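Just below is one structure, and these are the notes that go with it.
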Amino acid sequence: MGAVRIALRRGEPMLWGVAGLGLLVAGWAAVAAAGVVPASGLPGPVAVGRAFASLLGDADFVREYLDTLATWAVSLGLAVVISIPLGLLIGYLEPLARASSLVIDIGRAMPVVTLIPAAIVLIGLGPQMKISVVTFSVFWIVLVNTIYGVRSVEPLALRVAQALKFGRVETMRRVLLPTTLPYVVTGIRIATGIAFVVTLSAELLGATTGVGTVLVSYQEAQRADAVYAGVLAVSITGMVLNIAAQLTERRVIRWRPSGQE
């Protein structure tokens, strides 16, 4: 009985979540059936489910969906590769930190979506525009988290490294990186979701490829069921990416400094 109770307690959040989702779908079906909102604006869950199944077999939709995922992966990868070494340097070298503080504050506060029109003018509507905008949007997140991680290193650890005559590269590898890693992984987890959202935003506002452009075409064709089915597809994808990022963070980082979010 004890094992059963433990299993039920662990599964309780999932059960509540499923119950909440069921109530949402039931309410949606009731509103659609009552005609409170025209079917052209809010089709029922059955119609959306059929459209969703149809999209899964649509080669054009799948191709654009994979294009979106490729843009997300390349952009996130570029941001991580660039921001982590730069963050280590900025966090470790005080003169560089002072010189870059204003630029970092401006960059992290900038509404990235507003840069999409400028990126279109500068780069065009190709995949380079999407990759540039998404990379820029998440670069600052990983950079700032990396800098915070370096600054969290205990001064005593740095003094010990100096006493052992570690060079700067050795100090970064053996002292800074282990302490900074929790912050870096958390930054990547946060950037994972934001990169996906910005990718879709760029596609909806002005790209020529990607699942966002498909949603726009469905909307212009007044295919409400396909629009909602596409939204469902990207919502599930975003949820899966977020869960995968959380599981990776827990697996890689067994501990987390207090106060870190």
Side-chain angles (χ1 to χ4, degrees), residues 14 17-77 112-113 116 119-120 124-135 137-138 189 191-248:
M14 178 64 71
V18 172
L21 180 61
L23 288 175
L24 176 63
V25 173
W28 173 14
V31 170
V36 177
V37 179
S40 59
L42 182 65
V46 174
V48 173
R50 290 172 180 167
F52 181 78
S54 177
L55 289 184
L56 296 181
D58 187 331
D60 292 335
F61 179 84
V62 172
R63 182 182 65 251
E64 300 301 334
Y65 175 83
L66 293 177
D67 179 88
T68 296
L69 287 182
T71 299
W72 164 80
V74 170
S75 303
L76 182 61
V112 178
V113 176
I116 294 177
I120 293 174
L125 293 173
Q128 296 85 352
M129 182 275 291
K130 293 194 296 180
I131 292 174
S132 300
V133 171
V134 179
T135 301
S137 69
V138 296
R189 173 180 60 80
T192 295
I194 293 178
F196 189 64
V197 171
V198 176
T199 300
L200 292 171
S201 299
E203 293 172 352
L204 290 168
L205 293 176
T208 57
T209 60
V211 72
T213 63
V214 177
L215 293 180
V216 172
S217 68
Y218 291 158
Q219 177 231 323
E220 293 174 345
Q222 297 185 349
R223 295 180 55 190
D225 56 346
V227 171
Y228 283 97
V231 171
L232 178 61
V234 297
S235 299
I236 293 174
T237 302
M239 181 182 68
V240 170
L241 291 177
N242 183 58
I243 292 174
Q246 290 179 348
L247 292 176
T248 301

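Because the structure is a prediction, the values reported are computed rather than measured.
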Distance in Å, L241 CG paired with L76 CG, rounded so as to fall on 0.5 Å steps: 9.5 Å

Sole residue of V211, L232, L69 in side chain to side chain contact (heavy atoms under 4.5 Å, CB included) with T237: L69

From D67 atom CG to T209 atom OG1, the distance as rounded to the nearest 0.5 Å: 3.5 Å

Test log, rule side-chain contact (heavy atoms from CB on, under 4.5 Å), inputs L200 and T68: CA-CA 7 Å; L200 292 171; T68 296; 4.1 Å; yes

Whether Y228 side chain and G41 backbone form a donor-acceptor pair below 3.5 Å: yes

Under 3.5 Å donor-acceptor, S75 side chain and T71 backbone: yes

Heavy-atom pair with the smallest gap, counting every atom of F196 and G238: CE2-N, 3.8 Å

Side-chain (E203) to main-chain (G212) donor-acceptor, under 3.5 angstrom: yes

Spacing of OG1 belonging to T248 relative to CD1 belonging to I243, to within rounding of 0.5 Å: 11.5 Å

Heavy-atom closest pair, residues G210 and E64: N-OE1, 2.7 Å

Spatial distance of atom CG (L205) from atom CD1 (I116) [nearest 0.5 Å]: 4.5 Å

Spacing of L215 atom CG and L204 atom CG [to the nearest 0.5 Å]: 6.0 Å

Minimum heavy-atom distance between M129 and G124, given as atom pair plus value: CB-O, 3.1 Å

Test item: W72 and T192 side chains (from C-beta on) under 4.5 Å apart, heavy atoms: yes

Minimum heavy-atom distance V198-V133, with the two atoms named: CG1-CG1, 3.8 Å

Considering all heavy atoms, the nearest A51-D225 contact: CB-O, 3.6 Å

Working for side-chain contact (heavy atoms from CB on, under 4.5 Å), residues Y65 and D58: CA-CA 11 Å; Y65 175 83; D58 187 331; over 6 Å; no

Candidate pair L42 and W28, rule side-chain contact (heavy atoms from CB on, under 4.5 Å), full reasoning: CA-CA 9 Å; L42 182 65; W28 173 14; 3.6 Å; yes

V48 versus P43, closest heavy-atom pair with distance: CG2-CG, 3.9 Å

Derivation of the side-chain contact (heavy atoms from CB on, under 4.5 Å) call for T135 and S132: CA-CA 5 Å; T135 301; S132 300; 6.0 Å; no

